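Everything numeric in this text was worked out from a predicted model, so none of it was measured. Residue numbering restarts at 1 for every chain, and letters A, B, ... go by the order of the sequence lines. Heavy atoms only: backbone and side chains are in, while hydrogens, waters and symmetry mates are out.
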Protein chains: 2
Amino acid sequence: MGGTRRQEILDAAIAVMAERGVAGLNLSEVARRVGIRQPSLYKHFPSRHAVYDELFRLAAQQQLEAARKAASAARPGLEALTAYVEATGRIALAQPVLAQLLGSRPVPDFEPSREAFRPSVEYVEDVRAHLRAAVEAGELAEAAAEDDAVALMSILVTGTLSQQLANEPNAAYDEGRFTRLIPQVLDMFVRFYSPGGPP
Amino acid sequence: MGGTRRQEILDAAIAVMAERGVAGLNLSEVARRVGIRQPSLYKHFPSRHAVYDELFRLAAQQQLEAARKAASAARPGLEALTAYVEATGRIALAQPVLAQLLGSRPVPDFEPSREAFRPSVEYVEDVRAHLRAAVEAGELAEAAAEDDAVALMSILVTGTLSQQLANEPNAAYDEGRFTRLIPQVLDMFVRFYSPGGPP
DNA sequence: GTCTATAGGATGATAGAC
DNA sequence: GTCTATCATCCTATAGAC
C-alpha cells in the first residue's frame, strides 16, 4: 500500500489516528513517520482538512465497492442485502479508524465535502434498493421499502458497528461480541417485516 | 442550575462543548464565560481531565436516575423495560452533549475513572434485570435473559441514539427521525424474543 | 479564590532558497 | 519536492502576590 508519497502520507495519517484518536491527527507526527519535514506535506495536501477529506472519500468509496461486490455475488433481495451488510461490517473492522471517521463525527472542525460524501449517499440508496427488491420478491412486507424501514436498518447496522468499534475495535469480525450478532440482527429485522406481518 | 461557582464552570463547559464539539473543551473559553481568569479554574478543578470526569460522572448518574425513576412507575417486566429505554432516549436528547460524552469516546486522552463509570455499569445491570423480569413474567422467551440479548438491546438503544445525535441532535424526542422509532425498535426486539419463538 | 505573569509546549501554515 | 526558518496562535498548567 505504499508507492506514491501521497499514499505514504495517507497511510501514516491512519496510523497516527489509530494511536491518538481520529481527532488526534497531527501533521508533524505524520511527517516524521514519512521521513520528511512537516512543511513538505503541504506540497501534497493543501491543508490538514484536505487530508481528512481524502481519507473520508477513500474510505467511503472502498466501503461502497466492497459492499457492492459482495452483494453482486448473491441472489437479489434478502440474500444480497445480507451480503451487503455483512461486507460493511467486515471492512469496518478491517479498517476501524476509517470506519470511525465515516460513522461518527469525532472531528469538530471537519465536515466532509460533497464529493467525499457522495459514496455514503449512494450507500443508503443501495440499501433502499435492496429492500425494494426483497419486497418485490415477496420476501418482505411492503412497509420494508419505506423510509422508516431504511432508518431502522441504519440503526441496526451503525448500532452494531459503533458498539463493536467502541468496545472491541481490534476483534475479528466473527468473534466480535457485537458483529458476530449480525445474522441475528438481520433475522430480527426480517421477521419484523415478514410478509403478512403486522407493521 | 447555577449557584456554586463549581456548577457554573460545569455549565459553561457544556456550552463550550456544544459549540466546539465534545473534544473541543477549552478552559480559557470556559473561564471567559464564567467571568474569571483561566488560572482561577484550577482552584475548582485540578485539571482539564477532572472537568471531563466530573461531567461524565454527573451525566451517567442523571441518566441512571431518570431511567430508574421512569421504570419504577411502570409494571415490572416489559413495561418497565420500555419506560427505562424511553427515559434514556429523552434525557439523551435533552442533553445531547453529555449523551455524546457518555456514548462514544470522542476525547482521545480522556478515559473516565472507575468512580465516574460506575453508573454506566449499573445501567447495563438494570437492563439485564428488566429482561430477566420479563422472562419470568412470561413476556419473553428464556433466551432474552442471556448475554446476546443484552448486547442486542444495547445495539438497539445506542444505535438509535447515536444516529439521532449525529444527524438531528437538536430534534425533539418524539419528532426525531430515529428516536421516534423507539417503539418499533422495542417491538422488533420483543417479537424476536416472543415466548415459544425460535431463537 | 482571584489575580498577573509566564513557563513550556504543541500546532497549522507560509516564505523563500535549493 | 524538499529543505530551513519562522510566524502566529493557542493551550494547559504553575508560581506567587493579594
Exercise for the section: Please check if the distance between the ring centroids of F189(B) and Y193(B) is under 6.0 Å. Expected result: yes
Practice task
Answer yes or no: is there an ion pair linking R57(A) with D53(A), defined by an N-O contact shorter than 4.0 Å?
Solution key: no
Exercise for the section: Would you please name every residue forming a ring-ring contact (aromatic ring centres under 6.0 Å, His included) with Y123(A), sequence neighbours left out? Expected result: Y84(A)
Exercise for the section: Go through the structure and list residues passing salt bridge (Lys or Arg N to Asp or Glu O under 4.0 Å) with E168(B), not counting sequence neighbours. Expected result: R177(B)
Handout entry: Between dA13(C) (P) and R48(A) (CZ): distance, integer Å
Key = 8 Å
Fill in the blank from the handout: Sorted by number, residues from residues 29-38 of chain A placing a heavy atom under 4.0 Å from DNA chain C are Q38(A)
Practice task
Under 4.0 Å between any heavy atoms, over every strand shown, what does L25(B) touch: base, sugar-phosphate, or nothing? Just pick one.
Solution key: sugar-phosphate
Handout entry: Nucleotide dT14(D), atom P - distance to NZ of K43(B) in whole Å
Key = 11 Å
Problem - Below 4.0 Å: OP1/OP2 of dC3(D) and any side-chain N or O of S40(A) - result: yes
Handout entry: Q163(B)-S154(A) side chain donor-acceptor pair, cut-off 3.5 Å
Key = yes
Fill in the blank from the handout: Of H44(B) and S28(A), the one whose nearest nucleotide on DNA chain C sits closer to the 5' end is H44(B)
Exercise for the section: Verify the contact: side-chain N or O of H49(B) to OP1 or OP2 of dT12(D), cut-off strictly under 4.0 Å; return yes or no. Expected result: no
